[in-house]
Amino acid sequence: MSFPLLTATAALPAIGAIATAAVPAARRTAAKWLALLVSLATLVLAGVVFARFEPGGDRYQLTESHAWIRDFGVRYELGVDGIGVALLALTALLIPFVILAGWHDADPLETHSSRWRPTQGFFALILMVEAMVILSFVATDVFLFYILFEAMLIPMYFLIGGFGDRAHSGSDENAAAQRSYAAVKFLLYNLAGGLIMLAAVIGLYVVAGSFSLSEIAEARANGSLDMATSTERWLFLGFFFAFAVKAPLWPLHTWLPNAMGEATTPVAVLITAVVDKVGTFAMLRFCLQLFPEASKWATPVIIVLALISIVYGALLAVGQRDIKRLIAYASISHFGFIVLGIFAMTSQGQSGATLYMVNHGLSTAALMLVAGFLITRRGSRLIADYGGVQKVAPVLAGTFLIGGLATLSLPGLAPFVSEFLVLVGAFSAYPVAGIIATVGIVLAALYVLVLYQRTMTGPVREGIGGMPDLKVRELAVALPLIALLIFLGVFPKPLTEVVNPAVQHTMHDVQKKDPQPEVEAAK
């Protein structure tokens with residue numbers, strides 16, 4: 001039996017989470033280093049998975065299959081395709097930066113000696129989320145994926161509700177109430193989506209007699225699975241609703257600004273750069289692959305929802321006074337681009353959507369983490385409390401600027417490639433949608449540049465004069481992310497050559513071909 005590399009990649013952070021939680025309470029520094037080392041070891045394993053993946057090989061590689069719940073036909077089946085391996089690598093890459101950025105976020109509060117922030121629990125929960133997200137990207141059994149899809153809500157709930165942002169502008173009691181509200185809202189929204197998905201998962205088993213993606217695909221290919229049109233559409237809606245909540249897509253998005261605003265900055269990155277990608281990934285893997293006809297049937301409505309997300313999220317970002325909530329609404333706009341690319345049903349659109357998931361993870365992590373360093377120094381999330389930062393902390397301002405420019409998809413930085421492909425793919429299939437989506441680009445330039453102008457330029461405001469620049473630990477977080485944004489902006493081939501074959505498989509699933517350009521015959 002070959003080495004179970006995918007299981008090992010997910011099991012390592014899970015085991016590390018248990019070990020971190022077991023570290024004695026007084027040795028919180030040891031817990032931090034243990035969590036960091038485990039995340040780095042996981043990154044090494046993820047690198048091995050990425051290196052061993054053959055873009056021109058089988059659709060699902062490094063497969064594992066074992067009986068799990070025999071009476072219900074549930075199997076522990078894993079396999080990674082080009083889309084999954086890219087997102088697995090992104091997850092493993094970001095977690096060490098999340099841990100480094102949150103190095104002191106769970107330390108005891110010196111001004112409240114009787115109140116203990118459980119450092120071990122904080123880092124253990126982060127590792128547990130990593131394990132579940134990695135498994136969700138490689139699960140090829142629908143029921144196994146559903147279990148992971150729901151289970152990751154538990155550690156995320158405690159990360160949001162138990163470890164709040166110390167820069168909250170109100171009293172401790174008000175901060176705790178807001179944090180609790182955000183955590184409960186996150187949980188209820190996602191549980192509602194998950195319960196509807198559970199009904200659809202059961203319905204799929206009744207119709208197909210299996211939870212295995214490979215078995216269902218084989219049954220479709222040989223004609224033994226004849227799913228009624230109405231049944232397929234209802235099942236599609238059950239799956240899509242859950243994924244749209246997780247994504248988040250308008251109008252199911254309202255939990256995200258609360259969750260990102262009240263969570264610590266590293267947890268906010270974990271939400272939008274890692275966990276939310278499970279929703280858009282699942283649209284590609286499950287909605288399009290299991291329900292191709294229903295996906296095409298629902299495409300016009302979903303594209304409208306994606307366009308609303310793009311414009312609505314960007315407009316609300318322009319009007320925000322809170323730095324973290326601005327980035328949250330910007331992410332809603334970006335997820336609209338991802339959904340637009342997926343359901344444009346073109347190879348450029350879906351390749352761009354997959355690259356967008358990766359590049360959005362990198363750019364949002366860079367911008368949000370540097371913003372977190374800024375907020376920690378000033379003790380406020382309000383934009384109005386800043387000004388002139390570039391005069392006293394030029395490195396912090398410079399890294400903040402690059403993260404912002406990546407967020408607005410400046411040419412030469414990684415998100416530009418993905419956003420360009422999404423727009424090309426959307427325009428070739430739905431020209432009006434492609435034109436409307438460009439409004440999001442204009443608004444992105446507005447909210448990013450205005451944010452930079454108000455916080456970094458102008459006269460030095462009171463409370464900013466003694467602000468220190470980025471320290472070694474913070475530079476270790478920001479500089480590698482910026483380097484990756486630049487590298488993938490000028491040389492995206494390492495990702496495109498892995499993603500494109502998987503996109504062609506998805507295009508085959510939905511039986512779609514790229515529209516051919518209309519060329520007038522020469523007279």
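Nothing here was measured: the structure is a model prediction, and the numbers come from that model.
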**Request:** Can you sort out the partners of Lys32 under salt bridge (Lys or Arg N to Asp or Glu O under 4.0 Å), two or more places apart, ordered by chain and number?
**Result:**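 With sequence neighbours excluded, Lys32 shows a salt bridge (Lys or Arg N to Asp or Glu O under 4.0 Å) to Asp107, given in chain and number order.
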Between the side chain of [X] and the main-chain N/O of [Y], is any donor-acceptor distance below 3.5 Å?
X: Ser351; Y: Gln348; result: no
X: Lys391; Y: Gly458; result: yes
X: Arg381; Y: Asp322; result: no
X: Gln350; Y: Ile342; result: yes
X: Glu262; Y: Ser180; result: no
X: Arg461; Y: Thr455; result: no
X: Ser363; Y: Gly403; result: no

**Residues Phe286, Phe145; criterion ring pair (Phe, Tyr, Trp, His ring centres under 6.0 Å); working and verdict** = CA-CA 10 Å; Phe286 296 101; Phe145 173 83; 4.5 Å; yes
More than 12 heavy atoms of other groups within 6.0 Å of [X] [atom1]:
X: Arg473; atom1: CZ; value: yes
X: Arg454; atom1: CZ; value: no
X: Tyr312; atom1: OH; value: yes
X: Tyr452; atom1: OH; value: yes

Are [X] and [Y] close enough that a side-chain donor and a side-chain acceptor fall under 3.5 Å?
X: Tyr386; Y: Ser380; answer: no
X: Thr7; Y: Glu64; answer: yes
X: Thr272; Y: Ser331; answer: yes
X: Glu419; Y: Tyr356; answer: yes

What are the two closest non-hydrogen atoms of [X] and [Y], and how far apart are they?
X: Gly465; Y: Val392; result: O-CG1, 3.6 Å
X: Pro480; Y: Leu475; result: CD-O, 3.7 Å
X: Leu62; Y: Leu6; result: O-CD1, 3.3 Å
X: Val422; Y: Ala353; result: CG2-N, 3.6 Å
X: Glu130; Y: Thr42; result: OE2-CG2, 3.4 Å
X: Tyr157; Y: Ala183; result: CD1-O, 3.5 Å

Do [X] and [Y] come close enough that some side-chain heavy atom pair is under 4.5 Å?
X: Phe53; Y: Val498; value: yes
X: Leu326; Y: Ile383; value: yes
X: Asp81; Y: Gln61; value: no
X: Val477; Y: Phe373; value: yes
X: Ile83; Y: Arg285; value: no
X: Ile308; Y: Val311; value: no
X: Leu413; Y: Leu410; value: yes
X: Leu401; Y: Met456; value: no

**Item:** is_close_aromatic(Phe335, His253), centroid dist under 6.0 Å
**Value:**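 Ring centroids of Phe335 and His253 are no less than 6.0 Å from each other.
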**Request:** Measure centre to centre between the rings of Phe281 and Phe137, then say whether the value is under 6.0 Å.
**Result:**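 Phe281 vs Phe137: aromatic centres under 6.0 Å.
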**side chain to side chain donor-acceptor pair (under 3.5 Å) involving Asn359 - partner list, sequence neighbours excluded** =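 Scan of Asn359 (side chain to side chain donor-acceptor pair (under 3.5 Å), adjacent residues dropped) gives Ser418.
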**Asked** Checking side chain to side chain contact (heavy atoms under 4.5 Å, CB included) for the pair Leu12/Leu127: CA distance, chi angles, key distance, verdict?
**Response** CA-CA 9 Å; Leu12 181 57; Leu127 291 176; over 6 Å; no
Looking at [atom1] of [X] and [atom2] of [Y], how far apart are the two atoms once the value is rounded to the nearest 0.5 Å?
X: Leu305; Y: Trp250; atom1: CG; atom2: CH2; answer: 6.5 Å
X: Leu396; Y: Asp469; atom1: CG; atom2: CG; answer: 6.0 Å
X: Phe97; Y: Leu362; atom1: CZ; atom2: CG; answer: 9.0 Å
X: Ile310; Y: Ile441; atom1: CD1; atom2: CD1; answer: 9.0 Å
X: Thr265; Y: Lys324; atom1: OG1; atom2: NZ; answer: 4.0 Å
X: Thr407; Y: Met368; atom1: OG1; atom2: CE; answer: 10.0 Å

**Request:** Please test Phe243 against Phe149 for ring pair (Phe, Tyr, Trp, His ring centres under 6.0 Å), starting from the C-alpha separation and ending with a verdict.
**Result:** CA-CA 10 Å; Phe243 302 152; Phe149 187 82; 5.7 Å; yes
**Request:** Begin from the C-alpha positions of Val245 and Trp255 and carry the test side chain to side chain contact (heavy atoms under 4.5 Å, CB included) through to its verdict.
**Result:** CA-CA 9 Å; Val245 172; Trp255 62 268; 4.0 Å; yes
**Request:** Start with the C-alpha gap between Leu78 and Thr140, add the side-chain angles, then the distance that decides, and say whether side chain to side chain contact (heavy atoms under 4.5 Å, CB included) holds.
**Result:** CA-CA 5 Å; Leu78 306 181; Thr140 56; 5.5 Å; no
**Request:** Evaluate the side chain to side chain contact (heavy atoms under 4.5 Å, CB included) criterion for residues Leu374 and Met467: first the C-alpha distance (whole Å), next the side-chain angles of each, then the deciding distance (0.1 Å), finally the verdict.
**Result:** CA-CA 9 Å; Leu374 176 69; Met467 180 177 290; 3.8 Å; yes
**Message:** Can you tell whether the side chains of Glu474 and Arg377 come within less than 4.0 Å, N to carboxylate O?
**Reply:**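 Salt bridge: yes.
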